[in-house]
Amino acid sequence: MKSMDEERLVEAVRLVGGAKRLVAFTGAGMSEESGIPTFRDPGGLWDRYDPDELGGGDLFSGLLSGSAVPDTTFQFISEFLACYEDARPNPGHDALAELERMGILRAVITQNIDNFHREAGNTDVLEVHGNVCRLSCMSCGAKVRLEREELVAMGHELLDLLGAGDLAGLMRLISRCSCGGACMLDVVGFGEPVQQMPQASHESENCDVMLILGTSGVVWPAASLPVRAKRAGARLVEVNATECCFADIIDVGIVGKTGEVLPRLVELVKTGR
Ligand code: APR
């Protein structure tokens with residue numbers, strides 16, 4: 001007699017292996033095994049910081065206006081850098097990249113800003129909350145990619161300048177676009193417009209199977225995407241370490257860590273081909 005989870009994994013393998021247009025929808029749980037804290041798990045970031053105090057993704061626009069940076073923002077940046085500097089994509093990210101190489105996964109729609117899906121090798125990645133390894137010009141909207149090392153160096157310099165109260169230095173730190181405009185981190189803060197939702201909605205409404213991976217599904221409009229997929233007739237497979245948050249609409253729910261479940265799922269899809 002197979003365990004319930006084994007049966008669910010077998011069904012997930014059947015759906016993923018037979019998918020014509022598989023899409024993955026991911027959240028912070030995907031990067032938890034890389035050492036990046038999630039937001040709403042016990043002890044998570046929103047247990048320790050108030051997101052409304054962090055100034056959103058346009059931290060630099062606050063600096064430009066000469067407003068002081070809240071201490072919590074300083075601590076948040078310090079903690080993020082300490083985690084991010086040595087963190088790398090984990091086997092869960094690698095498994096999704098493998099599914100793309102196998103020609104099964106069409107797109108990753110992620111709420112994460114850590115760039116790990118791209119670092120792992122996925123090429124069609126829709127980042128609805130932005131990407132911390134990208135700057136956006138506040139004047140012309142041009143996007144500038146940042147290498148991980150550039151981001152970390154910029155983060156440490158920002159902390160040093162903030163610590164010294166060196167506003168002139170901060171103004172020099174802010175990258176300038178070729179149009180002369182100031183650039184800010186291309187991440188979406190609470191209350192700010194999300195990115196690439198039309199493309200994410202299109203992929204959700206045109207997939208036949210959606211993997212829902214490591215998300216509490218509480219932040220809209222991103223959390224509407226699995227509902228859109230369901231309405232369009234897709235089968236839904238959720239993997240979550242503690243509980244399936246889309247239990248009322250999924251076809252298969254697996255309680256487990258994505259860094260453990262996804263590599264096993266890909267291995268079984270391969271043997272089944
Ligand atoms: N494997 C699978 N699931 C995991 C793992 C793991 N290793 N670790 C944690 N989880 C699950 C948790 O059980 C939780 O349901 O991942 C989910 C993480 O939920 P949140 O912390 O709420 O993160 P997320 O859903 O991505 O939040 C969405 O909220 O604050 C905003 O912008 C922020 O993009 C973020 C959005």
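Residue numbers count from 1 along this sequence. Since the structure is predicted, the reported quantities are computational estimates derived from the model, not experimental observations. Start at 1 and go down the list; that is how both ligands and their atoms are numbered.
One N or O on the side chain of Asn122 and one on the backbone of Ala97 form a donor-acceptor pair closer than 3.5 Å. A donor-acceptor pair under 3.5 Å is formed between the side chain of Arg21 and the backbone N or O of Asn206. A donor-acceptor distance shorter than 3.5 angstrom exists from the side chain of Gln196 to the backbone of Glu127, with no hydrogens or angles considered. No side-chain donor-acceptor contact under 3.5 Å links Ser31 to the backbone of Ala28. Here the side chain of Asp114 pairs no donor or acceptor atom with the backbone of Tyr84 at under 3.5 angstrom.
Of the N or O atoms in Gly214, one or more lie within a sub-3.5 Å distance of an N or O in ligand 1. An N or O contact shorter than 3.5 Å is missing between Asn112 and ligand 1 by distance. Inclusion of Glu243 in the set of residues having an N or O under 3.5 Å from an N or O of ligand 1 is not warranted.
Looking from atom 1 (N) of ligand 1 to the surrounding protein, the closest heavy atom is Thr258 N, 3.0 Å. In terms of protein heavy-atom proximity, atom 7 (N) of ligand 1 is nearest to Glu32 OE1, 2.7 Å. Among all non-hydrogen protein atoms, the one lying nearest atom 25 (O) of ligand 1 is Thr215 OG1, 2.7 Å. Summary of contacts: the protein heavy atom closest to atom 36 (C) of ligand 1 is Val219 CG2, 3.7 Å. Looking from atom 10 (N) of ligand 1 to the surrounding protein, the closest heavy atom is Gly29 CA, 3.6 Å. In terms of protein heavy-atom proximity, atom 35 (C) of ligand 1 is closest to Phe39 CE1, 3.6 Å.
In the displayed structure, Arg88 atom CZ is contacted under 6.0 Å by more than 12 heavy atoms of other residues, nucleotides or ligands.
The closest approach between a heavy atom of Gly256 and any atom of ligand 1 is below 4.0 Å. Within the structure, ligand 1 has Asp41 among the residues with a heavy atom less than 4.0 angstrom away.
Arg8 and Glu238 are not joined by a salt bridge, as no carboxylate oxygen comes within less than 4.0 angstrom of a charged side-chain nitrogen. Here Glu98 pairs with Arg101 in a salt bridge; the nearest charged N to carboxylate O distance falls below 4.0 Å. The existence of a salt bridge linking Lys20 and Asp208 is excluded, since no basic side-chain nitrogen approaches an acidic carboxylate oxygen closer than 4.0 Å.
Taking only non-hydrogen atoms, the option from Ile254, Asn240, Asn90, Val128 nearest to atom 15 (O) of ligand 1 is Asn240. With distances taken over non-hydrogen atoms, the option nearest atom 22 (O) of ligand 1 out of Ala28, Ser216, Gly130 is Ser216. For atom 28 (C) of ligand 1, the nearest non-hydrogen atom from the set Gln111, Glu238, Glu127 belongs to Gln111. Residue nearest to atom 31 (C) of ligand 1, selected from Arg40, His129, Glu260, Lys257: Arg40 (by heavy-atom distance). Counting only non-hydrogen atoms, the option in Ala241, Gly92, Gly189 that gets closest to atom 2 (C) of ligand 1 is Ala241.
For Ile113, the side chain to side chain contact (heavy atoms under 4.5 Å, CB included) partners at least two apart in sequence or on another chain are His129, Val132, Val187. Applying the side chain to side chain contact (heavy atoms under 4.5 Å, CB included) rule to Asn90 yields the partners Glu33, Ser34, His93; only residues at least two apart in sequence or on another chain are considered.
The aromatic rings of Tyr49 and Phe76 sit perpendicular, their planes meeting at an angle over 60°, well past the 30° parallel limit.
Per-residue contacts place Gly27 under 4.0 angstrom from the following atoms of ligand 1 (heavy atoms of the residue considered): 26 (O). Atoms of ligand 1 lying under 4.0 Å from any heavy atom of Glu33, numbered from 1 in the order shown and given with element: 1 (N), 6 (C), 7 (N). Residue-ligand proximity, Phe190 to ligand 1, at heavy-atom distances under 4.0 Å covers atoms 30 (O), 31 (C). Against a heavy-atom cut-off of under 4.0 Å, Trp46 is close to the following atoms of ligand 1: 30 (O).
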